[in-house]
Amino acid sequence: MDEVKQTAVPTPTRELKPKMRFEGTVVKIDLSGALIDIGAERPGLLHISQMLIEGQPRINRVADVFSVGSKVTVWVRNVDVDKKLISLTMFEPPLYDWNDLKQAMQVSGHVTRVADFGAFVDFKGPREGLIPAGNLSRERINKPSDVISEGQEVNAWVVSVERKRERIGLSLLEPPALSWEQVKKGHTYKGKITRLERFGAFVDIGAERDGLVHVSELAPGFIQDPSELVQVGEEVDVKVLEVDRRKRQIQLSMKDLIAEKLQEDEAGEEALPTSFEQAFRSAQKPAESPRAERAPSPVLKQEEKKRQLQEEIMRRTIEQHQSQR
């Protein structure tokens, strides 16, 4: 809500904008409405149809509710600069107009009604928005009233805006950082591994669905199980191989980026290696004779096994790369 406009100098009509709020004073009353002094060059007109009195759904006579000198809160409805005409209203204007609403923007409001198909939310827009039942929770629900109730304050995101049909679709689920249109073949992203299966690793790149790095795309060479190379929660760089919007599937690769990195390194464009790359590069260094002062723990054995596997993959990758030169 805009702050109350207060000034001792008359405000030029050209500086008035719709939705500006004023505390005005009634200076004249007639059958059609009242003239309100808001500190502008001339009084504004508050038409009887724009008057709002609590407990009176309909006003028949202006003189019944206002008199000269009455104080009234009004908002600028329209301004005709050429004719210096100011139209006022007592109805608080919406916070958002149709042109203000964009997909994925966040709004706040309260639930006005809950139905079997969803919930209506007043967020001070041009009209209430509807949250369909499917956009209330990521979990399966029996009915909307199980997760939302009338009067509840909510934060929602705009999903769709149909001005001609005067419909606004909302969602309680935060939209993904990447839309399907933004995820394209050949693009690279930094993501986090969310799940491991025998056939590959799922990576969250900020899209609606996690992408899949097939086991054959994890690294050059043979990988028997993804857990031998990566783990859940690990951040990795991936490249988009294919995007199937109809099936909601994203195919990713890690080995392409590893191969590209090797080519850059050989060209002398060295960068700070990641922990993943360091494990591979260790295969190029001569092994040192370890001092077996005490038996290694099971965790160290597992780490050593993983390191040896990575070194073997790296060795085969280098041999394959050199044979192709």
Side-chain angles (χ1 to χ4, degrees), residues 102-106 132 134-141 156-160 169-265 269 271-281 302 306-307 309-310 312-314 316-317 320-321:
K102 307 295 180 184
Q103 282 190 347
M105 72 179 290
Q106 187 177 18
N135 288 341
L136 287 171
S137 173
R138 296 190 186 279
E139 306 296 330
R140 184 179 180 86
I141 62 175
W157 284 266
V158 177
V159 175
S160 61
L170 302 177
S171 175
L172 290 186
L173 309 179
E174 184 174 1
L178 295 172
S179 66
W180 283 103
E181 290 71 24
Q182 292 175 300
V183 182
K184 296 182 179 179
K185 182 177 180 178
H187 284 196
T188 59
Y189 299 96
K190 185 176 292 292
K192 181 175 292 186
I193 295 177
T194 58
R195 181 161 57 99
L196 295 179
E197 299 290 349
R198 295 284 296 184
F199 54 83
F202 288 90
V203 180
D204 178 11
I205 61 173
E208 181 180 316
R209 296 284 182 88
D210 290 349
L212 171 64
V213 182
H214 191 267
V215 65
S216 63
E217 293 292 335
L218 281 170
F222 174 74
I223 304 294
Q224 183 173 357
D225 192 297
S227 62
E228 298 172 343
L229 198 62
V230 293
Q231 58 186 354
V232 173
E234 183 177 348
E235 287 193 350
V236 294
D237 293 318
V238 293
K239 182 177 182 179
V240 178
L241 294 180
E242 297 292 341
V243 180
D244 191 327
R245 295 180 177 85
R246 184 178 62 84
K247 294 182 179 180
R248 292 290 196 266
Q249 295 178 349
I250 304 173
Q251 301 296 329
L252 304 172
S253 173
M254 288 171 57
K255 76 175 183 181
D256 284 358
L257 297 180
I258 295 174
E260 291 173 7
K261 184 63 178 175
L262 283 172
Q263 293 177 353
E264 290 179 1
D265 291 348
E269 298 177 4
L272 291 176
T274 64
S275 58
F276 187 78
E277 292 165 351
Q278 286 176 335
F280 277 130
R281 293 182 184 181
Q302 185 177 6
K306 181 177 180 180
R307 184 185 67 79
L309 174 63
Q310 292 173 337
E312 174 63 19
I313 294 171
M314 183 61 180
R316 286 181 295 187
T317 300
Q320 181 181 5
H321 180 69

For the residue pair [X] and [Y], establish whether any side-chain heavy-atom pair is separated by less than 4.5 Å.
{"X": "Val232", "Y": "Leu196", "value": "yes"}
{"X": "Arg198", "Y": "Asp225", "value": "yes"}
{"X": "Val230", "Y": "Met254", "value": "yes"}
{"X": "Asn135", "Y": "Trp157", "value": "no"}
{"X": "Val236", "Y": "Val213", "value": "no"}
{"X": "Gln249", "Y": "Leu212", "value": "no"}
{"X": "Val238", "Y": "Thr188", "value": "no"}

Provide the closest heavy-atom pair for [X] versus [Y] in the form atom of the first, atom of the second, distance.
{"X": "Glu197", "Y": "Pro226", "value": "O-CG, 3.1 Å"}
{"X": "Arg138", "Y": "Glu174", "value": "NH2-O, 3.6 Å"}
{"X": "Pro176", "Y": "Gly206", "value": "CB-O, 3.4 Å"}
{"X": "Ala156", "Y": "Leu172", "value": "CB-CD2, 4.3 Å"}
{"X": "Ala207", "Y": "Val183", "value": "CB-CG2, 4.1 Å"}

[atom1] of [X] to [atom2] of [Y]: how many Å apart, nearest 0.5 Å?
{"X": "Leu218", "Y": "Ile193", "atom1": "CG", "atom2": "CD1", "result": "7.5 Å"}
{"X": "Lys185", "Y": "Gln251", "atom1": "NZ", "atom2": "CD", "result": "11.5 Å"}
{"X": "Ser171", "Y": "Gln106", "atom1": "OG", "atom2": "CD", "result": "11.0 Å"}
{"X": "Glu242", "Y": "Leu252", "atom1": "CD", "atom2": "CG", "result": "11.0 Å"}
{"X": "Leu229", "Y": "Ile223", "atom1": "CG", "atom2": "CD1", "result": "5.0 Å"}
{"X": "Leu170", "Y": "Met105", "atom1": "CG", "atom2": "CE", "result": "10.5 Å"}

- Note on the structure: Arg140 meets the salt bridge (charged side-chain N to carboxylate O under 4.0 Å, His left out) criterion, sequence neighbours left out, with none

- Message: Test of understanding: with salt bridge (charged side-chain N to carboxylate O under 4.0 Å, His left out), list the residues that count as partners of Lys190, not counting sequence neighbours.
- Response: Asp237

- Item | Of all pairs that satisfy salt bridge (Lys or Arg N to Asp or Glu O under 4.0 Å), the ones with a partner from residues 208-220, not counting sequence neighbours | Glu208-Arg248

- Message: Please check this pair: side chain of Gln103 against backbone of Val159, looking for a donor-acceptor N/O pair closer than 3.5 Å.
- Response: yes

- Query: Would you call the rings of His187 and Tyr189 parallel, tilted or perpendicular if under 30° counts as parallel and over 60° as perpendicular?
  - Reply: tilted

